[in-house]
Amino acid sequence: MSKIIPIKDLRDTNAISKWCTENNEPLFVSKNGYSHLVVMSNDYYEKIINKEDYNHTYVPRIKNIDNIEFKELNDDFYGFVKVASINFKVKIGEVFYNLKQIEKHLEEIDKLGVNIAVFSELCLTSYSCRDIFYQNQLLNDVTKALIKLKDISSKYNILFAVGAPIALNNCIYNCAVIYCNGDIKCVYAKEYLPNSNEFYEKRQFSECPNINTNITIGDKSYPFGNKFILVDKDYYPLKVGVEICEDLWAPLSPSTHLALNGANVILNLSASNEVIGKEEYRRQLISSTSSRLICAYIYSSSGGGESSTDVIYSSYKSICENGRILKESELFDDGIIVSEIDIEKLNNERRRMTSFMNSDDNYEKIYFSLPLKNPSLSIKIKQNPFVKDENENDIYRYRKIIKMQALGLTQRLVATNTQKVVVGLSGGLDSTLALLVAKVAFDTLHYDLKNITAVTLPCFGTSNRTHDNALKLATLLGVSFKEININKSIIQHFIDIDHDINNTNAAFENAQARERTQVLLDYSNDIGALMVGTGDLSELCLGWTTYSGDHMSSYGVNASIPKTLVQDLVKTYAYDHEAVKDVLLDVLATPISPELLPEKEGEIAQKTEEVVGPYELHDFFIYYFLRFNFSPKKILYLAKYAYKDKYSEEEIKKWLILFLKRFYANQFKRSCLPDGVKVGTVSISPRGDLRMPSDASSKEIIAILLDD
């Protein structure tokens, strides 16, 4: 077992001599947290230089002791890192020509503000040199070029990987050399060498040693192997790992170990040939790897200029983030692709899982320093993250969501041996969707639709438009309809509690909501039915529900459906069912309102979005606040970018502050939510996705926004 001691302990020479002799292992001496000296017995020294073992014996590197000064994380930096994948038309064996191309592309990506870049496999020589790799002149030129590249890299604040063949211990390795700020940080070697008809790398190259060691380039030694994690001292959540081409295709790829040891950005230098059928498989492999490892995966394959003796090369480049392809190139198109990756998002995703814990102490940290700042974003930030873009094929997705809601309800009906449901139908969006879901559930179970009773409960604020739409919809769907006017009971209730009917305060509004819920539950009991809840995710997050009123039911089918998605689900059903299309489109065109205040001049007086703000903004806040746990400042940053042509920064900040206040203040309502099916990645069930104290304070989280 190797041992590490600080340099001050060298004074005890007798103890050191005894340990080295008895253990016949190297003793590593550290200075200021880094490897400094190696002390060993004569027997061990003779062993490692013995000619029989020389080609295959490597002195393991001492891992850096993490005595590193990290900068304090900046709240104003949101974790976006601009990355690039690069390939260019190489010239086979012309090292210095290829070096000039690398320099040219570094200059170009520097102007684009790129922080991390990857070039293609063996781009310094070309991949297809074959037996030319044996030539001393080529290998010597590579060494000279790698040294020159140090000076070139000093001009840029970029961490980048370049492919090159490097000789060590009478072997040649297919390597990725990592540069940053004028220095080589480490050298990765390819682990899995292809051995097929098209490629026979094992003829020229050796596999990466199974331990990290050192390699000399010029007059300096550098870390060599593939068990390295590159860590940014300026922004330590950023951790980079590297694998090379075939490594990705292996059953247990190096990237898997890299990710398990903390790497959230994987660079792949590749030379992927192109045959019919390979394109889509490779695309899926890269995407699924980034998803499985919850990482950003930046891939660059060689292309133009490579030998066409037997194959052609793809030139394919891709930048993926957790399964999502952010940017990719066309086949046979050399050049640069650039995108931004979100390190904070990746790390937040990993924290939800228990899989991503350090699994192997053999992985060494290599530190670099990049002054990162928020880049101009080229990635698309959707205004409505819960819904598909209009140009995407979203019909199947929306049908599936309604089916999932319905399946949740069918299970509850079967479990309770119930064949009747009651839905409070106001003529608004949420209750309309709940009724449609109930119909799909009954169709699935082949139950009589007349056992669905749509109950409308008009009172002071009910408009003719919503009342008539409720009646039309129930009739067209073929369900039972019942009208129960609650005016008299509410007036009597006001008399009982000495409330002035002209005082339209919270009691005035909530009394109606609670009365409706009481009537619906009691009527359900009377006919042996299950009461279906209608409240949606957006309302529940904002607390825009009445406690023991409309937030209570026997089963809530809309509990994980945000308002923006409710609209698209109703629209999808409308265009799928011509008979109810007109009434559903009119429901969609009706202002969102609880209709608890009397009409003004025949129009709906109470418009929800005038009080709490646009639902599309709140759904945007909900998505990034709950799904990714982003800070309010980052959410504001993203919202400004997404809605730059629609809302001012002041408007967005105003509604974001209101959202945070209401979200924290109304957790007590969510703590006792009824059961309801989860259909998306965001849910607020107190039994699963959101376990939050009802008395948490929003003061400090809001103060961050107010300080700006």
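Between Ser318 and Tyr297 the shortest side-chain heavy-atom distance does not fall below 4.5 Å. A heavy-atom distance below 4.5 Å is found between the side chains of Leu159 and Val240. Ser120 has its side chain out of reach of Leu269: every pair of non-hydrogen atoms, C-beta onward, lies at least 4.5 Å apart. At least one side-chain heavy atom of Phe119 sits under 4.5 Å from a side-chain heavy atom of His105. Side-chain contact check for Pro165 versus Val142: some heavy-atom pair is nearer than 4.5 Å. Between Leu372 and Asn157 the shortest side-chain heavy-atom distance does not fall below 4.5 Å. Side chains of Ile152 and Leu149 form a contact here, defined as non-hydrogen atoms less than 4.5 Å apart. Residues Leu122 and Phe133 meet the side-chain proximity criterion, which asks for heavy atoms closer than 4.5 Å.
Residue Asp689 forms a salt bridge (charged side-chain N to carboxylate O under 4.0 Å, His left out) with just one option from Arg627, Arg352, Lys678, and that option is Lys678. Of the residues Phe224, Tyr188, Phe205, the one that meets the ring pair (Phe, Tyr, Trp, His ring centres under 6.0 Å) test with Tyr173 is Phe224. Between Leu565 and the options Ile401, Asp619, Val679, Leu537, a side chain to side chain contact (heavy atoms under 4.5 Å, CB included) holds for only Ile401.
Here the shortest heavy-atom pairing between Ser85 and Ser300 reads OG-CB, 3.2 Å. Taking every heavy atom of both residues into account, Ala164 and Val177 meet most closely at CB-CG2, 4.5 Å.
One finds no salt bridge joining Lys148 and Glu103 here, because no Lys/Arg side-chain nitrogen approaches an Asp/Glu carboxylate oxygen to under 4.0 Å. Taking a cutoff of 4.0 Å between a charged side-chain nitrogen and a carboxylate oxygen, Arg283 and Glu328 qualify as a salt bridge. For the pair Asp183 and Lys220, the salt-bridge criterion is met [side-chain N within less than 4.0 Å of a carboxylate O]. The pair Asp76-Lys633 counts as a salt bridge, with a side-chain nitrogen and a carboxylate oxygen less than 4.0 angstrom apart. Ion pair Lys89/Glu306 not flagged as a salt bridge, since none of the NZ, NE, NH1 or NH2 atoms sits closer than 4.0 Å to an Asp/Glu carboxylate oxygen. A salt bridge links Glu274 to Arg282: at least one charged side-chain nitrogen sits closer than 4.0 Å to a carboxylate oxygen. Remark: Lys634 does not engage Asp75 in a salt bridge, criterion side-chain N to carboxylate O under 4.0 Å.
Geometrically, Lys278 engages Trp249 in a cation-pi contact defined by less than 6.0 Å to the ring centre and at most 45° from the axis. In this structure, Lys345 satisfies the cation-pi test against Phe628, with its NZ or CZ atom closer than 6.0 Å to the six-membered ring centre and inside 45 degrees of the ring normal. Cation-pi geometry between Lys644 and Tyr641 is met: under 6.0 angstrom from the ring centre, within 45 degrees of the axis.
Relative orientation of the Phe80 and Tyr637 rings is tilted, given thresholds of 30° and 60° on the angle between their planes. Below 30°, between 30° and 60°, or above 60°: for Phe160 and Tyr179 the angle between ring planes is below 30°, a parallel geometry.
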Can Phe663 and Phe621 be said to form a ring-ring contact (aromatic ring centres under 6.0 Å, His included), step by step?
-> CA-CA 11 Å; Phe663 182 82; Phe621 302 154; over 10 Å; no
Going through the distances and angles, do Phe630 and Phe625 end up as a ring-ring contact (aromatic ring centres under 6.0 Å, His included)?
-> CA-CA 5 Å; Phe630 285 170; Phe625 189 69; over 10 Å; no
So Glu121 and Asn174, side-chain hydrogen bond (donor to acceptor under 3.5 Å, both in side chains) or not? Walk me through it.
-> CA-CA 8 Å; Glu121 185 177 7; Asn174 183 339; 2.6 Å; yes
Derivation and outcome, ring-ring contact (aromatic ring centres under 6.0 Å, His included), residues Tyr313 and Phe332 | CA-CA 7 Å; Tyr313 294 83; Phe332 318 120; over 10 Å; no
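Taking CD1 of Ile294 as the reference point, atom OG1 of Thr289 lies at 13.0 Å (rounded to 0.5 Å). Ser221 contributes atom OG, which lies 8.5 Å from atom CD1 of Ile215 (distance to the nearest 0.5 angstrom). Rounding to the nearest 0.5 Å places CD1 of Ile337 at 9.0 Å from CG of Asn87.
In this structure, the side chain of Gln383 engages the main chain of Ala642 through a donor-acceptor pair within 3.5 Å.
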